[in-house]
Amino acid sequence: MDNFVLWTIFLYTALCFSIYQGQEIQEFPPTFLKVSKNLPLQRLLVEWDVSDSAHKFELEMVFDIQVSRTEEMNVVWTEYYNTTLSKLKKTLHWSWDSELPLECMSHSVRIRSMVNDERFSKLWSHWSQWETVLGLDTSDDNTPYIFPEDKVVEEGSNVTFCCIGGKDSRIEYLLFNYTDYYYPDSNTSQQNMVITMKKVLHAEVPGIPVFCKITGKENKKYSATLLFVGKPPYEPEDISCDTRDIETLTCTWNPGKNTYLYGAHSTKYHLFERFSQKTFCYQETAHYLEPIHCSWAIDQQMIYNLTLTAQNPLGKRSANFVLDVAHRVHPYPPSDLSVEHMKATEVSLYWRMQPKYKAIKLLCQIENRHPSGQVELHNSSPVQSNSYPHLTLGGLQPFTYYTFRMRCGAASHFWKWSEWSKTLRVRTNEAAPSGKLDVWREVTPVLGGRNVTLFWKPLPDFRANGGDISFEITWEKLKKASEPEHISISALQNSTTISIDNHSYKISVAARNNINSSLPSVMIISRATDNGAEEKVDRTDLEEERVNGTVDGIYISWKATNAFDGYIVDWCNFPRSQHCDFQWKRFDFNTSSCFIKSAAFMPGVRYNFRVYGSLANEDFFLGKKVGYTKELAPRLNPQGEIAEMTSHTVTVTWDSYPVNESQPGFIRGYHVYVKTMEEECSLKGSAKHALSDGSVLCKYTIENPEEKRYVVKHLMPETTYALAVKAYTGGGETPIDAYINVDTLHDSKIYLPVLLVIIPFVVITAVCFWKIKWVKDCCYPEIPNPNKSQVLSFNGLKLNSEAVLKLSDCIPDTVVLENTSEANTLQLRSHGTILESESKVINPSWVYFIQNEVGNLMCTQSAPEACTSFENLAYSSQTALGSSLYQNLWMSEKSEPQLSILLYQPQHYIEILSKDTVTSLREITEREGSLRYISQMEVPRSEAKLSDLPHFTEPIEHSSYKIQTVLGSELVTSTSDEGIQSQDSSTSSNSTALLLPGRH
């Protein structure tokens, strides 16, 4: 035996020595190389071994592994694999995950080794032979393929697809997600195609389709697959475990965010308990927004150490937690909630709990919801009585509906409240009304007394506390004993009217129900003559104070004094309605202003407010306030009317325009607009107002709303103007929509002098016509017969064998000068001196009176026409009387016939025969009023002038007389210089003479 041991030691020593001696050349190449593939994982599996001697020495070795594709053996991967050999002679393993599906191409693997030990030389062994795993690219099958099939990748990854067309086939293109086309490279074989998609994104629908179109000899084919893009699972959130009956434990959690993987690829959960090494749940995500539940029965174990794991094809996440069942009690909600022992201010609630928690003390919370919506919460531990827990709630209001519900939880180690129980609605019992009513009144004087309208509303502390409410109203005289009067009003009303006389009264109002009455609210109505407050309330002649308003309300102020213990303001929400919704509000004694707002207030409505001071239940009127929340422009325009018009002014009035509360704002004044035809404003005292169309009006402003008359001045006569009157408020005025057209009158000042002449003339004419006989007697009495005149006596005067013309037949008016004589030399003798003057007579036609042998006057004329005899020469001018009636006689000789003519010669008669002294007929007419008629029988006075004789300028017929009038002292002839030059020369030799009366 000992020999055997020694021999063994010798051999081992020899072996080690031999190995040591040959370490520089010792190699351990890989043997038994074997390559396989795991297609679901797209993984190459490599197995190999080395010699037994390497395992015996447990050498540390390095293996160089190469992976290649295609027939050319292109190396696509190189890796160094380090390992320490074992004496157990275990086979060596290595794996490699391919990005390219293994089905697409053949893959080859080769290995070489090196001993990483100091005892041996570090030299690589020879490469092993290539070990190949064939792909479908070498198959003779005609079936087309696309890989990978239904692969799951993480969002943002790169994915490589390959298409295999099969034998005798050609790939046309690859279509990704119906939108992206990829075509094979023309430089490569079109039988196989490889394409890599970079950073792929998830789709809203499960699976992204990928198509490969292949063309063969017979027909076209398609090969398709799906790509699932998603995210790894998220860690479970809001993990919660509790028990409701101490028999079952339930855990709940939220899966977290969406992984976009569904169905077979969705996230799976399992719950593992470490103490008992049990797995309780296998759950699958139905939807990432829905919580996941897992329940199991509780045995005797009360402490749990749990691990919740979430896993999908892209990874897994875990969460650990520990819980005590006694600290996770979540009771069921109470049931059969009811009320017993109800009173006016408290109730007792009863309920049941399922199951009965005898080992756990509960804390319950009661929710009490008031009719107003107010919610009260009461926490209390229930009292166990006959297996029914209950508790009592106090502090409730009588005759009030309350809604109760409750929930419970563990009093010790509170975890969660249970769900709410079903609600219970109850009404407490009745009680007498509490608090007082807020009472107000409106007093209206009537014949023999007053009508008092009472209003009431509950104060904040008033409660009816029962049904069948009515209002008891009592009134009685204060200073005179009388029986109180009493009426009862239904609860449906909040006002009533009573009639009282002029004495002071005490009025009380109280609410009553089936139990009793409330405390009365008292007010005192003073005597009508005490302070007159009631009489002033409805008087319209009180001065109203305007107050400011906003969109939200109206601001009211008054002067606060120590004489009152409070103030009241009343108003109507709808002042234009018959039911005005009367309102009032009370204020403390130290308040001097308030802001009244109401949802009923509307823009453009005038609200009237009355302010009262209150003292010992008696009220005193302080004043009226009126205002608008917002003033609007007047709805109606003033109806302007033209009251008066002249050539320069127009008076417009609008007397019927109202300025009362019917207006949507306070009428602040008026604007009078004047539009001229030129559409420009140039009127004095006006302002320019431009319209939207560019035209310009003249604008006059009247700031007094009571002034409803305006005079527009400085207008032009006989001109058309357009007027408009607009009222304006604090809200402005409406646009101009209508005008009043007026035409000013003609300027009457130019006719004033004419009227001043015509009117007196008409008056005088009328008077003269009325007193015509008196005027005739005074101004022109009846002319006597010239034959009977003592001055002129022409008895038996005959003219060309014609009868003498009688005065009664016609009245001579004017002698017309028809023939013109050339310049005549007139020799005037005055006081023994002969005056010579040359003068041209312009177309005169004179009557020649020639004395024949017997002393009678004969009428002759240059023309052959018949002459007219003139018997009355006794006219004289009152203003032309001179010192001598007769002037010197002169004679003018004429060749044919030789006649001597006797004539009157006034000193200045030559002047009126001269052209330069000729005046117009109008001037002669104006002097008619200064002439005086002298009777034909009267002998002219010695101072009379020959110029007083009449001179006639109007043409007359030689056979008759015209109306006899008296002319002035000058003969008027209207002629021109041309007329003088155009006279016929045949008349130049005619002689002209004026016949003077003969001597008697």
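These numbers come from the heavy atoms of this one structure, side chains and all, not from hydrogens, waters or symmetry mates.
Under a cutoff of 6.0 Å and an axis angle of 45°, Lys624 and Phe609 do not form a cation-pi pair. Figure legend: cation-pi geometry between Arg425 and Tyr401, with NZ or CZ positioned under 6.0 Å from the six-membered ring centre and within 45° of its axis. Taking the ring centre of Tyr612 as origin, the terminal cationic atom of Arg441 falls inside the region bounded by 6.0 Å and 45° from the ring axis.
Screening Thr649, Thr646, Val652 against Val711 for a side-chain contact (heavy atoms from CB on, under 4.5 Å) leaves a single residue, Thr649. Under the side-chain contact (heavy atoms from CB on, under 4.5 Å) test applied with Tyr670, the options Lys708, Glu733, Lys726 reduce to a single match, Lys708.
For the pair Leu396 and Asn368, the minimum side-chain heavy-atom distance is below 4.5 Å.
Note on ring orientation: taking the six-membered ring where Trp is involved, the planes of Trp584 and Phe455 are tilted (angle from 30° to 60°).
For Lys477, the NZ atom counts as densely surrounded, since its 6.0 Å shell holds more than 12 non-hydrogen atoms of other residues, nucleotides or ligands. At most 12 heavy atoms of other shown residues, nucleotides or ligands fall within 6.0 angstrom of atom CD in Glu703. Environment of CG in Asn660: crowded, with over 12 heavy atoms of neighbouring residues, nucleotides or ligands closer than 6.0 Å. The 12-atom threshold is exceeded at NZ of Lys699, counting heavy atoms of other residues, nucleotides or ligands nearer than 6.0 Å. The number of heavy-atom neighbours closer than 6.0 Å to CD of Glu376, taken from other residues, nucleotides and ligands shown, is above 12.
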Please report the C-alpha distance between His671 and Tyr700 in whole Å, then the side-chain angles of each, then the deciding distance to 0.1 Å, and finally whether the ring-ring contact (aromatic ring centres under 6.0 Å, His included) criterion is met. CA-CA 6 Å; His671 289 144; Tyr700 300 91; over 10 Å; no

Walk me through whether Phe587 and Trp558 qualify under ring-ring contact (aromatic ring centres under 6.0 Å, His included). CA-CA 12 Å; Phe587 301 93; Trp558 59 88; 5.7 Å; yes

Quick one: do His579 and Phe574 satisfy ring-ring contact (aromatic ring centres under 6.0 Å, His included)? Show the steps, please. CA-CA 7 Å; His579 303 286; Phe574 305 99; over 10 Å; no

Pair Tyr628, Phe666 - check ring-ring contact (aromatic ring centres under 6.0 Å, His included), show working. CA-CA 9 Å; Tyr628 296 83; Phe666 294 117; 4.9 Å; yes

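Side-chain N or O atoms of Arg450 include one that pairs as donor or acceptor with a backbone N or O of Asp501 at under 3.5 Å.
Between Tyr710 and Trp654, the distance from one ring center to the other does not fall under 6.0 angstrom.
Contact between Thr428 and Ala344 at its shortest, heavy atoms only, is CB-O, 3.4 Å.
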